[in-house]
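This one's a predicted model, so the numbers in the text were calculated from it and none came from an experiment.
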Amino acid sequence: MAPDGYKALGFIVTNKPAKPSLEEIRCVRDDLTDSCEPHHMLYNTNSKVAEAAFRVWKMRPCNRGMHEKSVSVGTFFCSCIWSPGEDLNVSCLKNLNSCTQSMPNLDQIHALIKHYGPTTYFHPDEIYLPSSVSWFFENGALLYKKGESKGERIDPSGSNLPKGGRNDGEYWMDLPHDSTGEKIKEGNLESSKVYVHVKPALGGTFTDIAMWMFCPFNGPGCLKIGLMNYQLNKVGHHVGDWEHVTLRISNFTGELWSVYMSQHSGGVWVDPTNLEFIEGNKTIIYASRNGHANYPHPGDCLQGSANLRIGIRNTAAPSKYSLDSSKDYEIVAAEYLGDGVVNEPCWLQYMRKWGPTTVHDSRAEVTRILNRLPSPLRWTAQSVFNKLPNELYGEDGPTGPKEKCSWFGDEKC
């Protein structure tokens with residue numbers, strides 16, 4: 001319980017029944033703190049008695065993003081009575097100085113990428129490989145405008161794409177409806193690279209290096225119900241696919257602190273102790289077949305209910321198909337460096353969809369499969385699939401990196 005004008009930053013645990021000495025803790029001036037929230041439960045008694053339901057959470061700042069000042073201090077929050085939505089009686093720190101003071105310069109960014117840049121392995125049976133954006137444009141991608149039936153060829157640099165604005169449905173990209181379009185779907189691994197966005201994180205105490213990968217096409221998913229697998233025809237099927245991996249690096253030590261892996265509509269932060277590495281400190285990423293979701297290890301990952309073994313199956317495995325981001329990369333944005341240091345490409349300013357809105361009903365395809373199941377299993381499976389995000393069904397083309405909430409904010413996790 002801090003004095004007026006001060007805030008506590010966390011809790012203390014001791015192994016003695018007596019209260020800890022006040023000399024063991026310090027409180028911080030209110031103007032140097034910010035609000036925080038529980039994130040990731042560390043301990044739960046799972047007691048049915050309310051008075052004994054003791055829980056411990058990690059904490060993170062409520063305000064996170066490249067322009068935010070909040071700093072995580074690694075403390076925890078514990079309570080027997082706290083409910084989601086209630087304010088906490090502890091805070092995080094706030095950096096009142098410029099967040100750019102501790103950020104890497106351009107040469108240091110290149111050094112960090114060469115030191116930590118992940119290698120992504122694609123499934124040995126992957127059909128829809130990545131490509132560079134310029135290859136996608138050069139080989140026939142078309143820009144459509146609402147009310148016009150014919151698409152316009154896109155310049156390799158994207159200079160004829162509409163810039164700025166918002167995703168208002170006025171423009172979208174699509175593939176030619178012939179053999180050229182089928183060829184573009186396969187991608188071109190030789191031309192592919194990651195597009196790098198560098199930004200401050202957690203009040204400038206960390207650098208986030210977001211590495212975006214583009215695939216011309218996202219293939220259909222696979223439905224898993226118990227021991228049965230059903231290869232789908234349309235679910236997850238759409239033109240254009242952006243996935244990314246973010247390296248969070250400490251600005252105090254230069255140490256790789258955590259790696260974010262995007263997985264369809266969300267993603268996860270992975271601790272370095274749970275990662276595989278190649279060539280020293282370079283992380284290995286495994287991209288799932290058809291959907292390109294990122295995972296730290298090969299195998300099957302289920303999006304749905306792992307306990308019931310019902311959901312969308314994501315299969316990842318090593319192969320001869322790989323992309324080394326420590327070599328094949330392009331820095332496309334680092335706003336904190338100032339104007340003119342990094343020139344953002346024309347296509348990055350395109351805020352509309354990289355694929356058309358499809359007309360098929362993907363959920364109907366899932367329903368047809370579920371209807372063939374015995375009643376109890378069908379009801380259980382239906383309840384699981386009703387909770388899956390709409391993005392998994394792939395009925396809409398995705399927007400580009402700069403339109404994602406994580407561009408200016410924190411990762412969706």
Undergrad: Mind checking whether W407 and W212 have parallel, tilted or perpendicular rings, split at 30° and 60°?
TA: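 Tilted: the ring planes of W407 and W212 meet at 30° to 60°.
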Undergrad: Taking atom NZ as the centre, does K183 end up with more than 12 heavy-atom neighbours from other residues, nucleotides or ligands that are less than 6.0 angstrom away?
TA: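 Atom NZ in K183 is not packed in, count stays at 12 or less.
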Undergrad: Please determine whether salt bridge (charged side-chain N to carboxylate O under 4.0 Å, His left out) holds for the pair E126 and R289, giving the CA-CA distance in whole Å, both sets of side-chain angles, and the decisive distance to 0.1 Å.
TA: CA-CA 5 Å; E126 182 61 73; R289 184 186 177 193; over 6 Å; no
Undergrad: Between S262 and G267, is there a donor-acceptor pair closer than 3.5 Å when you use the side chain of the first and the backbone of the second?
TA: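 Not a single qualifying donor-acceptor pair exists.
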Undergrad: Taking atom types as modelled, is there a side-chain donor on D208 or H197 under 3.5 Å from an acceptor on the other?
TA: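 Judged by distance alone, the side chains do not pair up.
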Undergrad: Can you tell me if D31 has over 12 outside heavy atoms packed within less than 6.0 Å of its CG?
TA: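 Counting other residues, nucleotides and ligands, CG of D31 exceeds 12 neighbours.
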Undergrad: Begin from the C-alpha positions of F214 and Y195 and carry the test ring pair (Phe, Tyr, Trp, His ring centres under 6.0 Å) through to its verdict.
TA: CA-CA 9 Å; F214 176 73; Y195 298 97; 8.2 Å; no
Undergrad: According to salt bridge (charged side-chain N to carboxylate O under 4.0 Å, His left out), does anything in residues 301-313 pair up with another residue at least two apart or in another chain? List the pairs.
TA: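 The answer is D300-R313.
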Undergrad: Report yes or no: does K58 contribute a side-chain atom to a donor-acceptor pair with the main-chain N or O of L42 at less than 3.5 Å?
TA: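 No: the side chain of K58 does not pair with the backbone of L42.
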Undergrad: Can a side-chain donor-acceptor contact be found between E411 and T246 if the only test is distance below 3.5 angstrom?
TA: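 On atom types as modelled, these side chains qualify, holding a pair under 3.5 Å.
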Undergrad: Between T120 (side chain only) and I285 (backbone N and O only), is there a donor and an acceptor less than 3.5 Å apart?
TA: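 Not at all, since once roles are kept as given, no pair shorter than 3.5 Å links the two residues.
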Undergrad: Does a side-chain N-to-carboxylate-O contact under 4.0 Å join R64 and D410?
TA: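 Yes, R64 and D410 are salt-bridged.
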Undergrad: Is any side-chain N of the basic residue among R352 and D168 closer than 4.0 Å to the acidic one's carboxylate O?
TA: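 Judged by the 4.0 Å cut-off on N to carboxylate O distance, R352 and D168 do form a salt bridge.
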Undergrad: Is there a donor-acceptor pair under 3.5 Å between the side chain of T75 and the backbone N or O of L9?
TA: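 Judged by distance alone, yes, a pair lies under 3.5 Å.
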Undergrad: Between D271 and N274 (side chain of the first, backbone of the second, donor and acceptor by atom type, cut-off under 3.5 Å), is there such a pair?
TA: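 Not at all, since once roles are kept as given, no pair shorter than 3.5 Å links the two residues.
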Undergrad: Any donor-acceptor pair under 3.5 Å linking the side chain of Q263 with the backbone of N294?
TA: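 Side chain of Q263 to backbone of N294, a donor-acceptor pair under 3.5 Å: yes, one is there.
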Undergrad: Working note: W354 + W347, criterion side-chain contact (heavy atoms from CB on, under 4.5 Å); need CA distance, chi angles, decisive distance, verdict.
TA: CA-CA 10 Å; W354 286 66; W347 56 262; 3.9 Å; yes
Undergrad: Are W257 and F206 an aromatic pair by the rule of ring centers under 6.0 Å?
TA: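 Yes, close enough.
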Undergrad: Just by distance, no angles: are the side chains of Y350 and E403 close enough, under 3.5 Å, to form a donor-acceptor pair?
TA: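 Per modelled atom types, Y350 and E403 side chains form no pair under 3.5 Å.
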Undergrad: Does the pair H110 and Y329 meet the rule for a ring pair (Phe, Tyr, Trp, His ring centres under 6.0 Å), with working shown?
TA: CA-CA 10 Å; H110 285 293; Y329 70 92; 5.7 Å; yes
Undergrad: Would you say the side-chain atoms of S35 pair up with the backbone N or O of C62, donor to acceptor, closer than 3.5 Å?
TA: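 No; zero donor-acceptor contacts below 3.5 Å.
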Undergrad: Return the minimal non-hydrogen interatomic distance between G203 and N95, and the atom names on each side.
TA: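 Closest heavy-atom pair between G203 and N95: O-ND2, 2.8 Å.
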Undergrad: If you count every heavy atom of other residues, nucleotides or ligands that lies below 6.0 Å from D178 atom CG, does the total exceed 12?
TA: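 Yes, CG of D178 has more than 12 neighbouring heavy atoms, counting only those of other groups under 6.0 Å.
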Undergrad: Suppose we screen for ring-ring contact (aromatic ring centres under 6.0 Å, His included). Which residues come up paired with Y321, at least two apart in sequence or across chains?
TA: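 So Y321 forms no ring-ring contact (aromatic ring centres under 6.0 Å, His included) with any residue.
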Undergrad: So, the side chain of T253 versus the backbone of S250: is there a donor-acceptor pair under 3.5 Å, distance only?
TA: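 Side chain of T253 to backbone of S250, a donor-acceptor pair under 3.5 Å: no, none is there.
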Undergrad: Can you list every side-chain hydrogen bond (donor to acceptor under 3.5 Å, both in side chains) pair that touches residues 144-154, not counting sequence neighbours?
TA: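 Output for this query lists E152-N160.
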Undergrad: Return yes if some donor-acceptor pair links the side-chain N/O of K163 with the main-chain N/O of S159 below 3.5 Å, else return no.
TA: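 Yes.
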Undergrad: I'd like to know if the side chain of S288 reaches the main chain of A293, judged simply by a donor and an acceptor atom lying under 3.5 Å from each other, with no hydrogens or angles considered.
TA: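 Checking the backbone N and O of A293 against the side chain of S288, a donor-acceptor pair under 3.5 Å is found.
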Undergrad: Yes or no on ring pair (Phe, Tyr, Trp, His ring centres under 6.0 Å) for Y260 and H244, after CA distance, side-chain angles and deciding distance?
TA: CA-CA 8 Å; Y260 178 82; H244 72 287; 5.5 Å; yes
Undergrad: Looking only at the aromatic ring of each residue, does the gap between the centers of Y286 and Y295 stay below 6.0 angstrom?
TA: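 Aromatic pair excluded; centres sit 6.0 Å or further apart.
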Undergrad: Would you say the side-chain atoms of K114 and S326 include a donor-acceptor pair closer than 3.5 Å?
TA: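 Looking only at side-chain atoms, S326 and K114 do not form any donor-acceptor pair under 3.5 Å.
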Undergrad: Indicate yes or no: at least one non-hydrogen side-chain atom of N218 is less than 4.5 angstrom from one of N290.
TA: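 No, too far: nothing below the 4.5 Å cut-off.
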